[in-house]
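Working notes for the structure below.
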Amino acid sequence: MLIMETLMLFTAIRVLWGHTDKSLVTDTLFIKDGPLTLRSQYSKLVPNIRAFLQHAKDNARPVHVIGQEKSGAFFDHLASIVRFAQPHERDQLPSFAVLSHEFVRREVHRSPDLANPYGKRTNWGEKIYLKIDPVHTWF
């Protein structure tokens, strides 16, 4: 199912990329249900996706894509640490953390050093924790 969701997402990106209003693709936030990752035989698409996103950025037409995970290792890890992150009160600014691959390996997966770093072949996006207010937290 991940491949179908990814293909549908990039179909919308392709349509907006070819639109006469060249800023339309950059002014749109594309939201994917689930991680920005492709596994098994579909991971062969990851370098092409990364290359396209870099191409878009190099041509001043960056494509903004986020994925929201609602279960799994990252969700469980965030649930265990969310009480320590700001904001603790409604009037405080949101906070976020971009997770390094080292942090993911050490703190989320709790695995030893691997020959291939986390996400090297499968992820086409980075992991970010986002806490909007004392109640709402996303990644």
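If you read the sequence from its start, that first residue is 1, and numbering goes on from there. Only this structure's heavy atoms are used, side chains among them; waters, hydrogens and symmetry mates stay out.
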**Request:** Evaluate the side-chain proximity of W124 to L45: yes if any heavy-atom separation is below 4.5 Å, no if none is.
**Result:** no
**Item:** Under 3.5 Å donor-acceptor, K131 side chain and V82 backbone
**Value:** yes
**Request:** Test I49 against T6 for side chain to side chain contact (heavy atoms under 4.5 Å, CB included), laying out the working first.
**Result:** CA-CA 10 Å; I49 293 172; T6 303; 4.1 Å; yes
**Request:** Could you tell me the separation between the OG1 atom of T37 and the CG atom of L2, rounded to the nearest 0.5 Å?
**Result:** 7.5 Å
**Prompt:** Are W17 and F52 near enough that their ring centres are under 6.0 Å apart?
**Reply:** yes
**Request:** With the side chain counted from C-beta on, respond yes when F103 and H77 share a heavy-atom pair under 4.5 Å apart, and no when they do not.
**Result:** yes
**Within 6.0 Å of CZ in R39, more than 12 heavy atoms from elsewhere** = no
**Request:** Kindly indicate whether the side chain of R110, heavy atoms from C-beta on, has any atom under 4.5 Å from the side chain of R105.
**Result:** no
**Asked** So, for H109 and F74, is the gap between ring centers shorter than 6.0 Å?
**Response** yes
**Request:** Keeping the roles fixed (side chain from T122, backbone from S43), state whether a donor-acceptor pair exists under 3.5 Å.
**Result:** no
**Prompt:** Who pairs with Y42 by side-chain contact (heavy atoms from CB on, under 4.5 Å), at least two apart in sequence or on another chain?
**Reply:** I3, L38, S40
**Asked** How far does CD of Q68 sit from CG of L130, to the nearest 0.5 angstrom?
**Response** 9.5 Å
**Message:** Within the 4.5 Å heavy-atom criterion, are V25 and I13 side-chain neighbours or not?
**Reply:** yes
**Check: V46 main-chain N/O paired with R121 side-chain donor or acceptor under 3.5 Å** = no
**Minimum side-chain heavy-atom gap P35-K127 below 4.5 Å** = yes
**Side chain to side chain, T26 and V63, heavy atoms closer than 4.5 Å** = no
**Prompt:** Checking side chain to side chain contact (heavy atoms under 4.5 Å, CB included) for the pair L16/T28: CA distance, chi angles, key distance, verdict?
**Reply:** CA-CA 9 Å; L16 292 184; T28 302; 3.7 Å; yes
**Prompt:** Within a strict 4.5 Å, meaning less than it, do heavy atoms of the Q86 and H88 side chains meet?
**Reply:** yes
**Message:** Taking side chain to side chain donor-acceptor pair (under 3.5 Å) as the cut-off, I'd like each qualifying pair that reaches into residues 57-67, sequence neighbours left out, listed once.
**Reply:** Q54-D58, H55-N59
**Request:** Under the side-chain contact (heavy atoms from CB on, under 4.5 Å) rule, collect the residues that match up with D91, sequence neighbours excluded.
**Result:** E89
**Prompt:** Going through the checks in order, is the side chain to side chain contact (heavy atoms under 4.5 Å, CB included) test met by V98 and Y129?
**Reply:** CA-CA 7 Å; V98 179; Y129 285 160; over 6 Å; no
**Request:** Evaluate the side-chain proximity of L99 to I128: yes if any heavy-atom separation is below 4.5 Å, no if none is.
**Result:** no
**Request:** Can you see which heavy atom on P94 is nearest to which on P87, and at what distance?
**Result:** CA-CD, 4.2 Å
